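Comments concern the structure below.
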Amino acid sequence: MELSTRVNPKDYEDDIYAFWLKNNLFHADENSLALPYSIVIPPPNITGSLHLGHALNVTLQDILIRFHKLKGYETLWIPGTDHAGIATQNVVDRKLAKEGISRAELGREKFVEEVWKWRGVSGSSILNQLKRLGVSCDWERERFTMDGDLSAAVKKVFVSLYREGLIYRSNYMVNWCVRCHTALSDLEVDFEDEAGFMYNMRYPLKEGGFVEIATTRPETYLADSAVAVNPADTRYKRLIGKTVILPIINREIPVIADEYVDMALGTGCLKVTPSADPNDFVIGKRHALPEFQCMDESGVIVVSPFDGLDRFAARKKVVDEFARLELMGEVSPITHSVGHCYRCAGVIEPRISLQWFVKVKSLAEKAVEAVENGKTRILPKVWESNYFEWMRNIRDWCISRQLWWGHRIPAWHCKCGHITVSEDDTPSVCEKCGGTEITQETDVLDTWFSSALWPFSTQGWPKETGLLKKFYPTSVLVTAFDILFFWVARMMMFGLKFMGEVPFRDVYIHALIRDEKGEKMSKTKGNSIDPLEMADAYGADVLRFSLAIFAAQGRDIRISKARIEIYRNFLNKIWNASRFIFINLDSELPDIKKIEIAELRDEDRWILTKLKSAVNTVEGSILNYCFNDAAAALYNFFWNSFCDWYIELIKVRIFKDDGKAAALAAAVYVLRKALAAMHPFMPFVSEHIWKNLTGGKTILEEGWTVGDFDFPGETAKIDRIIEFIGIVRNIRGEYNISPAKVLAVYATPKEAEIAHIIKEKEVLINSVTRLSAINFVDTFPDEAAAGAAADYTVHVPLAGLADIAGERARLTKECERLEKDLQAVSARLKNEGFLAKASHTIIEKDTLKKAELEKQILNIKTALEALASK
RNA sequence: GGACGAUUAGCUCAACUGGUAGAGCAACGGCCUUACAAGCCGUAGGUCGCAGGUUCGAUCCCUGCAUCGUCCACCA
């Protein structure tokens, strides 16, 4: 095969993906006898475009899926998209507006048609972007939350919960977005600190005088039903039961006593607006106060004389009018948090309206239990407490949305007042009175309602499918923490409720991606990095590997182009190491099994052993979701052990055809296993090289093996050789002795065990650091640079090579460093407390270390003396 | 207001249940050595945020503080 000197992922990534698809390698077989491993993708919104968060999310899932494929599991990874009610409706709304079409004119049916049209064109673009990253989803099983069978599942769940009394309809205070014209759940409101004003306003008492209340929303006075004071507040006690007159609109309202009022806050008098504030709503219920609306669903005031004004214009007008009437007290700037719609960012208005709710308490209890019992693990564990905290304080879930795009609530209203809830698409009669004039509820369901069914609705529920039988519960859910409550918690509740079993064994919560300064990435800030751009520039493999190696548990990921570029170099390294091996291969691929064990030299055995331990580390790390450790283990093994040492060590054998066959067989073997281990992280390049190596096979068939070889003795030996080479190189480096200069090296003592090892490997050593001779002696040469290992010293005569004073200074410094270490260890070993209480192994280790240090220091001192003699 | 996390080399991050700190990148010095200069070899860099405490011994455990970040709740 031909490989260019530099890797160019564009040359092969698309082809490789096509190759996988063509060979149906991502398809899950529900009839397989292999152990199942399954994941459902967190369905991206159809309005979404790929960002780094998605890239990280799917990379981690793909690593898990491909790893388990290699391990021989039957893997299922279901892809799909979410219809994303508000987000999508807004997008299409804006698109139509640009074309001069208003939603209202169009009407519901036509509008929904338009959304479907839009979805057909743009709705799966994000999935195509995922493909560019190499994800191994089973594309035949792609699902959409509004697919027919998924919608049927939604209906079934709704009807069943309703019949059980777990879904109810009630007039309640909800968060209302005046722009999206819909209710929002508590979770869908984003609070942000904003600068505003606290207005002190005076309400005249009927009997004369005033009460002064404080508010940040003066316009809501139009809907006031009372003024409340704390019953214990001596300042206002006399006012309780009196009447105040709301200025301008001249409504008479009572002064009431309620313990909710905090005497220390504001003026101690609280205006009570049951229709516009959640707390006031509760107070209103307690005192049976009337509820006045002051604005409509668009945030336009409906109370004369302010009617027709927008809420913020009305605020200004109210403030002006109060001031004119000399009823405005102090106005002070404050910072307070204001709720915003999580989709359109408009300011939320609390509003009383008739909505549908799910009674979640009993469901939540089960979901808590399941995690307590370990049926589902939430990892990293710190998130578990968040989950418990939220689940234990959960409030009923408002599931109705006043939108057009979404699952329309399967309820029909009859003139008789009865609501018929039915799975039947078009029930013709009221189930109570038999009347035929029934109309369907106009509200749709919260998007997360259908998402909550995702782990089983995507597998065919409510049918008892083979898929469900084999792959439910799913093995793991991989997601970021920001949808832990929105989604994970609700899947837990619904999974337990309708499948009688948790939806996943593990929940792995991964990091959030930030820019290099640690700030959240966003398009508006202009600090976002486009994953597709990165994939194009460096290859999808590089992006994936970067994300994986940064994905340490419990920590956000800071990313920048520069940090990604580092791993482009790694890709190039993999490429070139493979190229080197290819170049030296004969026509037939060597097979280590055809090589006599005896032909494997120590360095071959060394790399085979290192391979095994590296792959073991990778496997263990993946299983513990420590993706960064796994990636780092691969990086270090491949670059350091395999490229820097092993390939360098066997070059002489390859070039001189001395033990070449065994070297190449071992090299190919290691390369193959390493590529397989790398495959979950860098699927394209590993597959590409594999294909070329094997003549068109897929790496997925090779499977995951740790390697069959383990030679601890030989490995230790080569480790010592590496140490020796390191000492010589160090001396070369320190004195700028050219690598080309052939050196004579002396080592001592003659009888050291290492002497035999080094003698035996002289040729090997010479091949990587040129030495004319290695002499083991008992007396040191004069004027020599020295380097020390624990049990021997290396000397390189410096005559004509470097300055003696410099070497003396260097050795002195080295000596000082070692003595400092020695001092610490000795002190500890003299400490009676330490000797009495520390474990034997620690004491032994320290004793050994002390002896080593002493020897090393002695060696260096002797070397120094030798230098001093001249 | 409640809670959680982070703080380690210039940068980005490691260090299992306490045994005295490691890697990559950057920096510096030297190499175009026939896979790779997107490379090779080597060197230097840290009172582990601050202050106490427990312990023979603390980056690790406890307390307090500081800075940064996040979540939840409240906000008249």
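Predicted model only: the values in this text are computed from it and were never measured. Letters A, B, ... are given to chains in the order of the sequence lines, protein chains preceding strands, and every chain is numbered from 1. Because only heavy atoms are used, hydrogens play no part in the values below, and waters and symmetry mates are left out as well, while side chains stay in.
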A:D277 atom CG is separated from B:C74 atom P, nearest whole Å, by 10 Å
Answer with yes or no whether A:E648 presents, from its side chain, a donor or acceptor under 3.5 Å of a partner atom in the base of B:A35.
yes
B:A14 to B:G49 separation - P atoms, rounded to the nearest Å:
14 Å
Under 4.0 angstrom, heavy atoms only, what part of the nucleic acid is A:R6 near: base, sugar-phosphate, or nothing?
base
Looking across every strand, which nucleic acid part, if any, lies under 4.0 Å from A:F550 by heavy atom: base, sugar-phosphate, or nothing?
nothing
Looking at every strand, decide which applies to A:N584 at a 4.0 Å heavy-atom threshold: base, sugar-phosphate, or nothing.
nothing
For A:R568, which contact category applies under a 4.0 Å heavy-atom criterion: base, sugar-phosphate, or nothing?
base
Mind calculating the distance between CD1 (A:I549) and C1' (B:U12) to the nearest angstrom?
11 Å
In whole Å, what is the span from the CG atom of A:N393 to the C1' atom of B:C71?
13 Å
Check every strand shown and say whether A:N572 touches a base, only sugar-phosphate, or nothing at a heavy-atom separation below 4.0 Å.
base
Students often get this wrong, so: under 4.0 angstrom with heavy atoms, is A:I842 touching a base, only sugar-phosphate, or nothing?
base
For atom P, what is the distance between B:U63 and B:G5, given to the nearest Å?
12 Å
Distance in angstrom units between A:L270 CG and B:C74 P, rounded
15 Å
Mind checking A:E565 for me? I need base, sugar-phosphate or nothing, with any heavy atom below 4.0 Å counting as a touch.
nothing
Test: A:R672 cationic atom under 6.0 Å from A:W690 six-membered ring centre, within 45° of axis
yes
If you compare every side-chain N and O of A:K656 against the phosphate oxygens of B:U34 (OP1, OP2), does one of them come in below 4.0 Å?
no
Which pairs with one or both residues in residues 620-639 of chain A pass side chain to side chain donor-acceptor pair (under 3.5 Å), sequence neighbours excluded?
A:D506-A:Y625
Span that lies between the P atom of B:U59 and that of B:U54, in whole angstrom:
16 Å
Step-by-step side chain to side chain contact (heavy atoms under 4.5 Å, CB included) determination, A:V745 to A:F724
CA-CA 11 Å; A:V745 165; A:F724 174 79; 4.2 Å; yes
From B:C25, B:A35, B:U12, pick the nucleotide closest to the side chain of A:K651?
B:A35
Quote, to the nearest angstrom, the P distance that separates B:G45 from B:G10.
11 Å
Taking the six-membered ring for Trp and the full ring for Phe, Tyr or His, determine whether the centres of A:Y203 and A:F210 are under 6.0 Å apart.
no
For the C1' atoms, the ones on B:A15 and on B:G22, what distance do you get once it is rounded to whole angstrom?
7 Å
Ring of A:F582, cation from A:R579 - is the NZ or CZ under 6.0 Å from the centre and inside 45° of the axis?
no
Can you tell me how the ring of A:Y646 sits relative to the ring of A:F642, calling it parallel under 30°, perpendicular over 60° and tilted otherwise?
parallel
From C-beta outward on A:F485, which listed nucleotide comes closest to its side chain: B:G42, B:C71, B:C40?
B:C71
Please work out if A:K271 contacts a base, only the sugar-phosphate, or nothing of the nucleic acid, heavy-atom cut-off 4.0 Å.
nothing
Regarding the side chain of A:W639, the nearest nucleotide among B:A38, B:G39, B:A35 is B:G39
Ring centres under 6.0 Å, that's the criterion: do A:Y387 and A:F481 meet it?
no
Just to be sure I understand the rule, does A:Y260 reach a base, reach only the sugar-phosphate, or reach nothing, if contact means heavy atoms closer than 4.0 Å?
base
Interatomic distance at C1', B:A44 relative to B:A6, whole Å:
29 Å
For B:C36, does either OP1 or OP2 sit under 4.0 Å from a side-chain N or O belonging to A:N569?
no
Cation-pi, A:F322 ring and A:R202 (6.0 angstrom, 45 degrees):
no
Within 90° of 0 counts as syn, otherwise anti: where does B:G45 fall?
syn
Need to verify one output field. Residue with the more 5' nearest nucleotide on RNA chain B, A:V261 or A:D186?
A:D186
Regarding A:W645, tell me which of base, sugar-phosphate or nothing describes its non-hydrogen contacts under 4.0 Å with the strands shown.
nothing
Would you tabulate the pairs of protein nitrogen or oxygen atoms and nucleotide nitrogen or oxygen atoms of nucleotides 28-33 of chain B closer than 3.5 angstrom?
unit_1 : atom_1 : unit_2 : atom_2 : d
B:G29  : O2'    : A:N736 : OD1    : 3.4

Expressed as a whole number of angstroms, how long is the span from A:N8:CG to B:A38:P?
15 Å
Of all the choices, B:U20, B:C40, B:A35, which nucleotide is nearest to the side chain of A:F580 once you look at every atom?
B:A35
Once you round it to whole Å, what is the distance between C1' of B:C71 and CD1 of A:I394?
16 Å
Choose from B:G5, B:C71, B:U43 the nucleotide whose nearest atom is closest to any side-chain atom of A:N730.
B:U43
Relative to each other, are the rings of A:F550 and A:Y567 parallel, tilted or perpendicular (30° and 60° limits)?
perpendicular
Paired stems touching RNA chain B, three or more consecutive Watson-Crick or G-U pairs with both distances under 3.5 Å?
B:1-7 with B:66-72, B:10-13 with B:22-25, B:27-31 with B:39-43, B:49-53 with B:61-65
If we take the C1' atom in both B:C48 and B:A21, what is their distance in whole Å?
8 Å
Whole Å only: how far is the CZ atom of A:R579 from the C1' atom of B:U34?
11 Å
Expected output: side-chain A:R653 to main-chain A:K660 donor-acceptor under 3.5 Å
no
Work out how far the C1' atom of B:C41 is from that of B:C60, and round it to whole angstrom.
36 Å
Contact class for A:T215 vs. all strands (heavy atom < 4.0 Å): base, sugar-phosphate, or nothing?
sugar-phosphate
Could you give the CZ-to-C1' distance, from A:R828 to B:G18, as a whole number of Å?
12 Å
For A:R770, does the CZ atom sit with more than 12 other heavy atoms under 6.0 Å from it, leaving out its own atoms?
no
For A:E259, is the CD atom crowded, meaning more than 12 foreign heavy atoms sit under 6.0 Å from it?
no
Return no unless some side-chain N or O of A:N636 is found under 4.0 Å from OP1 or OP2 of B:A23.
no
Check this for me: does any side-chain nitrogen of one of A:E852 and A:K849 sit under 4.0 Å from a carboxylate oxygen of the other?
no
Nearest to the A:A552 side chain among B:C13, B:G5, B:C40, which nucleotide is it?
B:C13
Looking at B:C4, does its base get a donor-acceptor pair with the side chain of A:S385 below 3.5 Å?
no
Could you check whether A:V825 gets within reach of a base, just the sugar-phosphate, or nothing at all, counting any heavy atom under 4.0 Å?
nothing
Using a cut-off of 4.0 Å on non-hydrogen atoms, how would the nucleic acid contact of A:F570 be classed: base, sugar-phosphate, or nothing?
nothing
Once you measure the plane-to-plane angle for A:F655 and A:F580, does it fall in the parallel (<30°), tilted (30-60°) or perpendicular (>60°) bin?
perpendicular
Scan A:A838 against the nucleic acid and name what it touches under 4.0 Å (heavy atoms): base, sugar-phosphate only, or nothing.
base
